[in-house]
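The block underneath contains the structure these notes are about, expressed in C-alpha cells.
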Amino acid sequence: MYGNWVLKIYPKGYKKATIERICKRKDLKIQDACCSCNYIEKPKNIIKKLKKAGIPYSCYKVEYERATNYRQVFFARTSAPYRCRYCNRKLKSKKEVYVDHIIPVAKVQKKWAARALLKMAGCNNINSIQNLAPACLKCNLKKSDHMGFWIIRGWAGRYQAYWFFVWIARITMLLAIIGLYIWVILANH
C-alpha cells in the first residue's frame, strides 16, 4: 500500500502502550471508541501487527475521508432553488438543505464496490461535487448510509425528466389499481 492512508484503531480493552508500540507513535489520541493514526505512508507492517495482536482497525485512503467543508463547497458550486434529489421536495432555504454524499462515506471507506462506483461516477474523492446532493431531512435520515436504489435516485433526481416519469408511473399504477378493483367488482356481480 502506497500513498497517504488513514488508519483507525478501535482499542477497546487494549492498553495504550501496546497500540503505541505497534504504531511506533507516542502522539496517538486514544479515546474510548477510536484512536487515529492519520497520514500513514505505508501501513502494511502496522496492519500485520494489528492483525497478529487481534486489534480491530480500519484503513483507507485519505481521499475517502469526509471533508470538514464539503457543505460550503457544495453551496459555492451550486445555486438555488434547491430540491431534494430523493423526493423532489422544494427546499426553501439553505438551512433546510442537508448536503448528502450520494455514495456514502462509510461504504466507500469499507467496500471496494462503493469505491468502484465512485470512480465510475467520475469522482476523484468522496467530497467531489458529483457525489454531493441536496436532500431534505426526512430523506437524508432514511437514506443514511444505504446504497442501492438510493444511488440511482441521487444521480437521476437532478433531472426533471426523471420526476416526470416517476409522476407518470404513479398515475399509471393508480389507474391500474382502480381498473383492477372495478374488474373484480364487476366479475363478482
Side-chain angles (χ1 to χ4, degrees), residues 1-10 23 29 33-44 46-47 50 56-167 169:
M1 294 185 221
Y2 297 102
N4 287 333
W5 294 79
V6 174
L7 178 64
K8 289 187 178 178
I9 302 167
Y10 306 98
C23 291
K29 293 176 182 163
C34 180
C35 79
S36 185
C37 306
N38 286 326
Y39 310 111
I40 303 267
E41 280 301 317
K42 298 177 187 173
K44 246 183 190 177
I46 295 172
I47 288 173
L50 289 171
Y57 69 90
S58 65
C59 186
Y60 50 86
K61 288 189 171 188
V62 172
E63 59 258 24
Y64 304 138
E65 184 83 346
R66 180 189 307 264
T68 56
N69 67 337
Y70 71 93
R71 195 172 154 79
Q72 289 84 4
V73 169
F74 176 79
F75 288 124
R77 303 268 316 268
T78 59
S79 58
Y82 298 105
R83 288 191 166 274
C84 177
R85 287 264 184 96
Y86 306 108
C87 69
N88 203 32
R89 183 175 153 237
K90 188 173 182 177
L91 305 169
K92 295 179 178 94
S93 69
K94 287 183 180 181
K95 289 179 182 178
E96 285 186 28
V97 176
Y98 288 82
V99 179
D100 183 54
H101 288 84
I102 297 171
I103 302 170
V105 175
K107 297 291 186 191
V108 170
Q109 291 173 351
K110 295 176 186 168
K111 301 192 181 287
W112 66 268
R115 290 190 288 272
L117 271 174
L118 195 66
K119 295 292 180 199
M120 210 170 70
C123 303
N124 49 352
N125 76 41
I126 194 73
N127 302 298
S128 292
I129 194 74
Q130 298 95 325
N131 193 42
L132 299 176
C136 64
L137 174 62
K138 184 178 174 183
C139 290
N140 193 40
L141 291 174
K142 260 197 228 176
K143 180 186 177 275
S144 182
D145 68 345
H146 295 93
M147 290 177 54
F149 192 63
W150 287 101
I151 292 175
I152 295 167
R153 289 172 78 181
W155 286 339
R158 103 177 27 181
Y159 305 107
Q160 271 315 113
Y162 169 78
W163 294 109
F164 177 74
F165 287 119
V166 167
W167 182 76

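What you see below is based on every heavy atom in this structure, not just the backbone, and it leaves out hydrogens, waters and symmetry mates. Bear in mind that the values here come from a model prediction, so they are computed numbers and not experimental data.
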Between [X] and [Y], which heavy-atom pair has the shortest distance, and what is it?
X: Q160; Y: N88; answer: OE1-OD1, 4.0 Å
X: Q130; Y: G122; answer: NE2-O, 3.7 Å
X: N140; Y: A135; answer: CB-CB, 4.3 Å
X: I151; Y: I102; answer: CG1-O, 3.8 Å
X: I126; Y: N131; answer: O-ND2, 3.0 Å
X: F74; Y: P134; answer: CZ-CD, 3.5 Å

K142 NZ/CZ over Y86 ring centroid, <6.0 Å and within 45° of normal: no
Cation-aromatic face contact R115/W112, 6.0 Å, 45 degrees: no
To the nearest 0.5 Å, what is the distance between [atom1] ([X]) and [atom2] ([Y])?
X: L141; Y: C139; atom1: CG; atom2: SG; value: 9.5 Å
X: Y64; Y: C59; atom1: OH; atom2: SG; value: 12.0 Å
X: I152; Y: M147; atom1: CD1; atom2: CE; value: 10.5 Å
X: K107; Y: L118; atom1: NZ; atom2: CG; value: 14.5 Å
X: I103; Y: M120; atom1: CD1; atom2: CE; value: 7.5 Å

Passing candidate, side-chain hydrogen bond (donor to acceptor under 3.5 Å, both in side chains) with N127, options E65, E63, H101: H101
Of R89, K90, K138, the residue whose pairing with E96 passes salt bridge (Lys or Arg N to Asp or Glu O under 4.0 Å): R89
Side chains of V99 and F75 in contact at under 4.5 Å (non-hydrogen atoms): yes
Student check: side-chain heavy atoms of R153 and R85 closer than 4.5 Å: no
